*Asks:* 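What follows is a single structure, and I will ask about it in a moment.
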Amino acid sequence: MNASNTPTDFIRAAVEEDNHTNRFNGRVQTRFPPEPNGYLHIGHAKAISIDFGIAEDYNGICSLRFDDTNPTKEDVEYVDAIKFDIRWLGFDWDEREFYASDYFDQLYEFALILIKKEKAYVDDLSADEIREYRGTLTEPGRVSPFRNRSIAENLDLFERMKQGEFPDGSRVLRAKINMASGNINMRDPVMYRILHTPSHHRTGSKWCIYPMYDYAHGQSDSIEGVTHSLCSLEYEAHRPLYDWFLDELEIYHPRQIEFARLNLSFTVMSKRRLIRLVQEGFVKGWDDPRMPTIHGLRRRGFTRASIRNFLDLVGVAKNDSIIDIALLEHCLRNDLNKIATRKMAVLRPIKVIIDNFPEGLVEELDAINNPEDPQAGSRKILFTKELYIEQEDFCEVPPPKYYRLFPGNEVRLRYGYFITCTSVVKDPNTGQILEIHCTYDPTTRGGDAQDGRKVKSTIHWVSATHSLAAEVRLYDRLFLTEDPFELEEGQDFTANINTDSLEVLPACRMETSLKSAAAGDIFQFERLGYFNVDPDSTEIKLVFNRSVSLKDSWSRLASGGKK
RNA sequence: UGGGGGCUCGUCUAAUGGUAGGACAGCGGACUCUGACUCCGUAUGUAGAGGUUCGAAUCCUUUGCCCCCAGCCA
């Protein structure tokens with residue numbers, strides 16, 4: 001892709017520079033390093049796209065490496081889900097499925113080397129004491145009283161930590177760097193802690209000491225031969241430490257480069273917060289269609305093409321940013337417009353009776369499956385005397401610029417006939433409209449007027465007698481504010497949650513051709529949006545999710561241009 | 001007020017000393033058997049102040065604002 005000219009972002013520029021200077025002998029190797037402690041979200045998808053994308057652009061390879069150094073939080077359930085999502089996004093790590101835990105033995109050996117170099121020591125301070133000794137942002141830390149133990153004593157203690165002689169929290173192995181460093185990460189960071197967890201998902205009960213991220217990550221990169229270790233901005237301050245371990249160990253030294261993580265407006269993007277949405281019941285689960293998780297987006301109806309295109313448009317940079325979620329929605333519409341089969345569905349039905357249409361007659365009309373794709377062909381839809389149209393498409397007293405059905409007005413029923421509203425029947429008590437009566441022009445069959453007369457509007461419909469009942473779930477943004485962290489003093493981000501983000505419409509009507517729709521199938525319901533079949537569907541009741549609405553300049557106009 | 005990063009249309013992102021461009025969002029219009037799609041048009045931006053230079057988003061000085069770091073999380 002960039003073979004001929006300029007790189008498209010600063011990381012690719014750095015990779016090209018390294019290729020030109022032969023820093024890695026022209027080799028490009030990256031890795032995607034998730035911790036298997038939760039589900040992937042679209043922020044991870046950005047990292048995946050960068051890691052795999054750059055490797056691909058420069059004829060390199062990208063591995064999958066699980067950063068499984070904390071067994072108290074990790075589980076196989078997550079590794080399986082993560083692998084599924086990466087593949088679903090269309091990326092492939094071939095046989096390179098690695099685990100930081102694969103390197104526990106090697107990492108332990110490395111630690112021994114550092115102890116022998118007097119670059120690491122066992123500290124008996126408690127967690128609280130270590131925190132206290134660490135100092136603050138503006139004051140230097142103090143050295144631990146255990147900092148100058150002999151090599152032999154450190155070796156002995158570390159070995160016994162490994163053997164399980166000591167309880168959790170009683171001792172740690174720390175790097176001996178600089179307690180006065182302005183970079184707090186360099187103030188003798190912890191390398192190993194004792195964790196007598198029941199079992200690690202890969203190594204079982206073999207270990208009761210586990211390496212910290214900072215100690216494990218760079219060395220894992222080195223062992224694998226990674227050239228470019230790409231990560232997010234918050235690791236920038238960790239880079240000196242990343243480099244320090246590699247330099248002290250005198251082993252192969254990859255280059256860490258940091259980029260800004262993805263944020264989306266009207267949602268949150270951290271596992272810690274997403275898990276709260278799940279646990280506190282704001283959503284139904286990790287795969288709730290409102291969630292920015294890959295599981296959620298997929299259930300919502302997002303395609304891999306739309307997500308990958310979105311990620312390409314977002315780009316890669318170091319600016320903290322919040323991407324407008326409208327861009328994601330645009331990418332979905334853009335993809336689905338080309339591929340989604342059109343159907344007719346009425347979400348909020350109101351009955352229309354064509355008074356001059358023969359009782360009992362069922363007409364078959366042709367409907368185009370996808371105007372963007374002539375290959376998609378056409379289908380038959382059934383027209384009868386009684387129909388349903390959308391409540392929104394009728395108005396007894398129309399506002400200005402309202403082109404749809406109202407008393408005396410003629411509209412076209414999509415692929416059907418021109419109809420003119422003649423009267424309405426209301427509930428005498430509530431005033432609610434029960435039926436709309438119309439007449440049709442038999443010469444407009446299929447939707448074309450022989451005499452060339454025009455109507456301002458075409459509306460969708462289904463037969464009242466030949467249609468399917470279905471449930472449709474409408475989704476709105478999860479949060480009320482673009483930035484959920486815009487808060488009043490003392491408020492939690494959950495205060496900004498949009499409690500109306502889910503609307504269930506239980507009594508929708510669908511054209512009969514939808515009968516065979518299966519979970520995951522995606523359609524455009526004409527004039528409404530894109531919808532997919534939710535796995536909650538049963539033999540007797542289809543359930544659809546609205547993935548995204550169609551753009552609707554009328555509603556903008558009608559609402560006075562708000563929103 | 002220690003250390004590390006970052007400030008370009010509303011939101012993202014290009015331009016690497018030489019015409020500030022693109023996308024999304026917005027607005028206006030054309031087209032239309034989806035008020036969709038498509039097409040056309042249009043407004044809005046280099047954080048501030050100095051300096052270097054024929055020429056500065058880009059280089060220098062300085063000010064301001066924003067983000068990250070004080071887990072035995074990653």
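Because only heavy atoms are used, hydrogens play no part in the values below, and waters and symmetry mates are left out as well, while side chains stay in. Below, chain A is the first sequence line, B the second, and so on; all start at residue 1. Since we're looking at a predicted model, the values are computed, not measured.
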*Asks:* Determine whether a donor-acceptor pair (one donor, one acceptor, N or O, separation below 3.5 Å) exists between the side chain of A:Glu482 and the base of B:rU11.
*Replies:*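 Answer is no: no donor-acceptor pair is held.
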*Asks:* Is it the case that the base of B:rG4 and the side chain of A:Arg239 share a donor-acceptor contact (distance under 3.5 Å, atom types as modelled)?
*Replies:*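 No, the side chain and the base share no sub-3.5 Å donor-acceptor pair.
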*Asks:* Is the shortest side-chain N/O distance from A:His330 to OP1 or OP2 of B:rC24 below 4.0 Å?
*Replies:* yes
*Asks:* It should be established whether A:Ser553 places a side-chain nitrogen or oxygen under 4.0 Å from OP1 or OP2 of nucleotide B:rA36.
*Replies:*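 So the side chain of A:Ser553 is within the cut-off, an N or O lying under 4.0 Å from OP1 or OP2 of B:rA36.
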*Asks:* Given atom CG of A:Leu311 and atom C1' of B:rC12, what is their separation to the nearest angstrom?
*Replies:* 13 Å
*Asks:* Using atom CZ of A:Phe525 as one end and atom C1' of B:rA36 as the other, report the distance to the nearest whole Å.
*Replies:*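 Taking CZ of A:Phe525 and C1' of B:rA36, I get 16 Å after rounding.
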*Asks:* Mind checking A:Pro140 for me? I need base, sugar-phosphate or nothing, with any heavy atom below 4.0 Å counting as a touch.
*Replies:*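 Touches nothing.
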*Asks:* Among the nucleotides B:rC72, B:rC68, B:rU34, which one has an atom lying closest to any side-chain atom of A:Arg193?
*Replies:* B:rC72
*Asks:* With sugar-phosphate meaning primed atoms plus P, OP1 and OP2, does A:Met212 contact a base, only sugar-phosphate, or nothing at under 4.0 Å between heavy atoms?
*Replies:*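 The answer is sugar-phosphate, as A:Met212 gets under 4.0 Å only of primed atoms, P, OP1 or OP2.
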*Asks:* Considering every strand and a 4.0 Å limit on heavy-atom distances, what is the contact class for A:Val455: base, sugar-phosphate, or nothing?
*Replies:* nothing
*Asks:* Without decimals, in angstroms, what is the distance between A:Asp221 CG and B:rA74 P?
*Replies:*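 Answer to the nearest Å: 15 Å.
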*Asks:* So A:Leu173, base contact, sugar-phosphate only, or nothing? Heavy-atom distance under 4.0 Å.
*Replies:*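 The answer is nothing, as A:Leu173 stays clear of every strand by at least 4.0 Å.
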*Asks:* Could you state the CH2-C1' distance from A:Trp207 to B:rC72, rounded to the nearest angstrom?
*Replies:* 17 Å
*Asks:* Measure up the A:Phe66 and A:Tyr99 rings against each other and bin them: parallel (under 30°), tilted (30 to 60°), perpendicular (over 60°).
*Replies:*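 Geometry flag for A:Tyr99 against A:Phe66: parallel rings.
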*Asks:* Let's test this: given Watson-Crick or G-U wobble pairing with both distances under 3.5 Å, identify the partner of B:rG28.
*Replies:*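 WC or wobble partner is B:rC40.
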*Asks:* Take atom NE2 of A:His200 and atom P of B:rA74, then tell me their distance rounded to the nearest Å.
*Replies:*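 Nearest whole value for this atom pair: 10 Å.
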*Asks:* Given A:Glu526, which of A:Arg342, A:Lys343, A:Arg414 fulfils the salt bridge (charged side-chain N to carboxylate O under 4.0 Å, His left out) condition?
*Replies:* A:Arg414
*Asks:* Mind checking whether A:His200 and A:Tyr210 have parallel, tilted or perpendicular rings, split at 30° and 60°?
*Replies:* parallel
*Asks:* Of A:Phe10 and A:Thr72, whose nearest nucleotide on RNA chain B comes first from the 5' end?
*Replies:*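 Nearer the 5' end of the strand: A:Phe10.
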*Asks:* Just compare B:rC67, B:rC73, B:rG3 and give me whichever is closest to any side-chain atom of A:Ala237.
*Replies:*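 Of all the options, the side chain of A:Ala237 is nearest to B:rG3.
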*Asks:* OP1 or OP2 of B:rA25 less than 4.0 angstrom from a side-chain nitrogen or oxygen of A:Lys551, does that happen here?
*Replies:* yes
*Asks:* Mind calculating the distance between CZ (A:Arg187) and P (B:rC72) to the nearest angstrom?
*Replies:*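 Rounded to the whole Å, the gap is 13 Å.
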*Asks:* If you find the nucleotide of RNA chain B closest to A:Ala127 and the one closest to A:Thr444, which residue's nucleotide is nearer the 5' end?
*Replies:*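 Final value for this comparison: A:Thr444.
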*Asks:* Give the nucleotide from the list B:rC68, B:rU34, B:rG2 with an atom nearest to the side chain of A:Glu234.
*Replies:*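 Minimum distance to the A:Glu234 side chain belongs to B:rC68.
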*Asks:* Contact class for A:Phe418 vs. all strands (heavy atom < 4.0 Å): base, sugar-phosphate, or nothing?
*Replies:*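 Result for A:Phe418 = nothing.
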*Asks:* Look at all strands and tell whether A:Asp448 reaches a base, only sugar-phosphate, or nothing, counting heavy atoms closer than 4.0 Å.
*Replies:*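 A:Asp448: base contact, heavy atoms under 4.0 Å.
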*Asks:* Does B:rG71 have OP1 or OP2 under 4.0 Å away from a side-chain N or O of A:Arg131?
*Replies:*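 It does, given that an N or O in the side chain of A:Arg131 lies less than 4.0 Å from OP1 or OP2 of B:rG71.
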*Asks:* Heavy atoms under 4.0 Å, any strand shown: does A:Ile323 hit a base, just sugar-phosphate, or nothing?
*Replies:*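 Answer is sugar-phosphate: A:Ile323 comes under 4.0 Å of backbone atoms only.
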*Asks:* Atom CG in A:Leu173, atom CD1 in A:Ile209: separation rounded to 0.5 Å?
*Replies:* 8.0 Å
*Asks:* Looking at A:Tyr39, is A:Lys271 sitting on its ring face, NZ or CZ under 6.0 Å from the six-membered ring centre and within 45 degrees of the normal?
*Replies:* no
*Asks:* Using the glycosidic torsion, which applies to B:rG71: syn (within 90° of 0) or anti (everything else)?
*Replies:*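 That one's syn.
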*Asks:* Looking only at side-chain atoms of A:Glu35, point me to the closest of B:rC73, B:rC12, B:rC67.
*Replies:*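 That would be B:rC73.
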*Asks:* If you look at every strand shown and take non-hydrogen atoms under 4.0 Å, does A:Val314 touch a base, only sugar-phosphate, or nothing?
*Replies:* sugar-phosphate
*Asks:* How would you label the contact of A:His217 with the nucleic acid (heavy atoms, under 4.0 Å): base, sugar-phosphate, or nothing?
*Replies:* nothing
*Asks:* Are A:Arg412 and B:rU32 close enough that a side-chain N or O sits under 4.0 Å from OP1 or OP2?
*Replies:* no
*Asks:* A:Arg134 has a side chain; which of B:rG4, B:rC37, B:rG71 sits nearest to it?
*Replies:* B:rG71
*Asks:* Would you mind classifying the nucleic acid contact of A:Ala317 as base, sugar-phosphate or nothing, using non-hydrogen atoms under 4.0 angstrom?
*Replies:* sugar-phosphate
*Asks:* Does A:Arg142 qualify as a cation-pi partner of A:Tyr133, given the criterion of NZ or CZ under 6.0 Å from the six-membered ring centre and within 45 degrees of its axis?
*Replies:*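 Pair A:Arg142/A:Tyr133 counts as cation-pi.
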*Asks:* How many angstroms lie between CZ in A:Arg453 and CG in A:Asp448, if you round to the nearest 0.5 Å?
*Replies:* 11.5 Å
*Asks:* Identify whether any heavy atom of A:Lys401 sits under 4.0 Å from a base atom; if not, whether one sits that close to sugar-phosphate; answer base, sugar-phosphate or nothing.
*Replies:*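 Result for A:Lys401 = base.
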*Asks:* It should be established whether A:Asn319 places a side-chain nitrogen or oxygen under 4.0 Å from OP1 or OP2 of nucleotide B:rU13.
*Replies:* yes
*Asks:* Across all strands, who's sitting opposite B:rU16 as a Watson-Crick or G-U wobble pair, both distances under 3.5 Å?
*Replies:*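 Check on B:rU16: unpaired, no WC or wobble geometry under 3.5 Å.
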*Asks:* Nearest of B:rC69, B:rU34, B:rG6 to any side-chain atom of A:Arg414?
*Replies:*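 Looking only at heavy atoms from C-beta outward on A:Arg414, the closest nucleotide is B:rU34.
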*Asks:* For salt bridge (Lys or Arg N to Asp or Glu O under 4.0 Å), just list the numbers for A:Glu224 and A:Arg65, CA-CA rounded to whole Å, side-chain angles, deciding distance to a tenth of an Å, and then say yes or no.
*Replies:* CA-CA 10 Å; A:Glu224 290 171 8; A:Arg65 182 177 72 236; 2.9 Å; yes
*Asks:* Kindly state whether the pair A:Trp554 / B:rG35 counts as stacked, where counting means centroids closer than 5.5 Å and planes tilted less than 30° apart.
*Replies:* yes
*Asks:* Contact class for A:Gly169 vs. all strands (heavy atom < 4.0 Å): base, sugar-phosphate, or nothing?
*Replies:*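 Base: the residue A:Gly169, judged by heavy atoms under 4.0 Å, touches a nucleobase.
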*Asks:* Are OP1 or OP2 of B:rA14 and a side-chain N or O of A:Thr8 less than 4.0 angstrom apart?
*Replies:*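 So the side chain of A:Thr8 is outside the cut-off, no N or O lying under 4.0 Å from OP1 or OP2 of B:rA14.
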*Asks:* In whole angstrom, give the distance that lies between atom CG of A:Leu332 and atom C1' of B:rA36.
*Replies:*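 Computing the A:Leu332:CG to B:rA36:C1' distance gives 15 Å.
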*Asks:* Apply ring-ring contact (aromatic ring centres under 6.0 Å, His included) to A:Phe531 and A:Phe523, showing your working.
*Replies:* CA-CA 5 Å; A:Phe531 297 73; A:Phe523 303 98; 9.6 Å; no
*Asks:* Can you tell me how far P of B:rA25 sits from CG of A:Leu328, to the nearest Å?
*Replies:*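 Spelled out: CG on A:Leu328 to P on B:rA25 is 12 Å.
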*Asks:* Which one is paired to B:rC7, where only Watson-Crick or G-U wobble pairs with both distances under 3.5 angstrom count?
*Replies:*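 B:rG64 - that is the nucleotide pairing with B:rC7, both distances being under 3.5 Å.
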*Asks:* Taking only N and O in the side chain of A:Arg527, is any of them less than 4.0 Å away from OP1 or OP2 of B:rG35?
*Replies:* yes
*Asks:* Paired with B:rC59 by Watson-Crick or G-U wobble geometry, both distances under 3.5 Å: which nucleotide is it?
*Replies:* B:rG51
*Asks:* With a 4.0 Å cut-off on heavy atoms, is A:Leu327 in touch with a base, just the backbone sugar-phosphate, or nothing at all?
*Replies:*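 Sugar-phosphate, backbone atoms only, no base.
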*Asks:* Heavy atoms only, 4.0 Å cut-off, all strands: where does A:Arg272 land among base, sugar-phosphate and nothing?
*Replies:* nothing
*Asks:* From C-beta outward on A:Pro371, which listed nucleotide comes closest to its side chain: B:rC69, B:rU34, B:rA23?
*Replies:* B:rU34
*Asks:* Take the angle between the ring planes of A:Phe493 and A:Phe485 and call it parallel below 30°, perpendicular above 60°, tilted in between.
*Replies:*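 Answer is tilted, since the angle falls between 30° and 60°.
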*Asks:* Just compare B:rU11, B:rA36, B:rG3 and give me whichever is closest to any side-chain atom of A:Leu550.
*Replies:*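 Of the candidates, B:rA36 comes closest.
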*Asks:* In terms of side-chain heavy atoms of A:Ile130, which of B:rG5, B:rC72, B:rC37 is nearest?
*Replies:*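 Minimum distance to the A:Ile130 side chain belongs to B:rC72.
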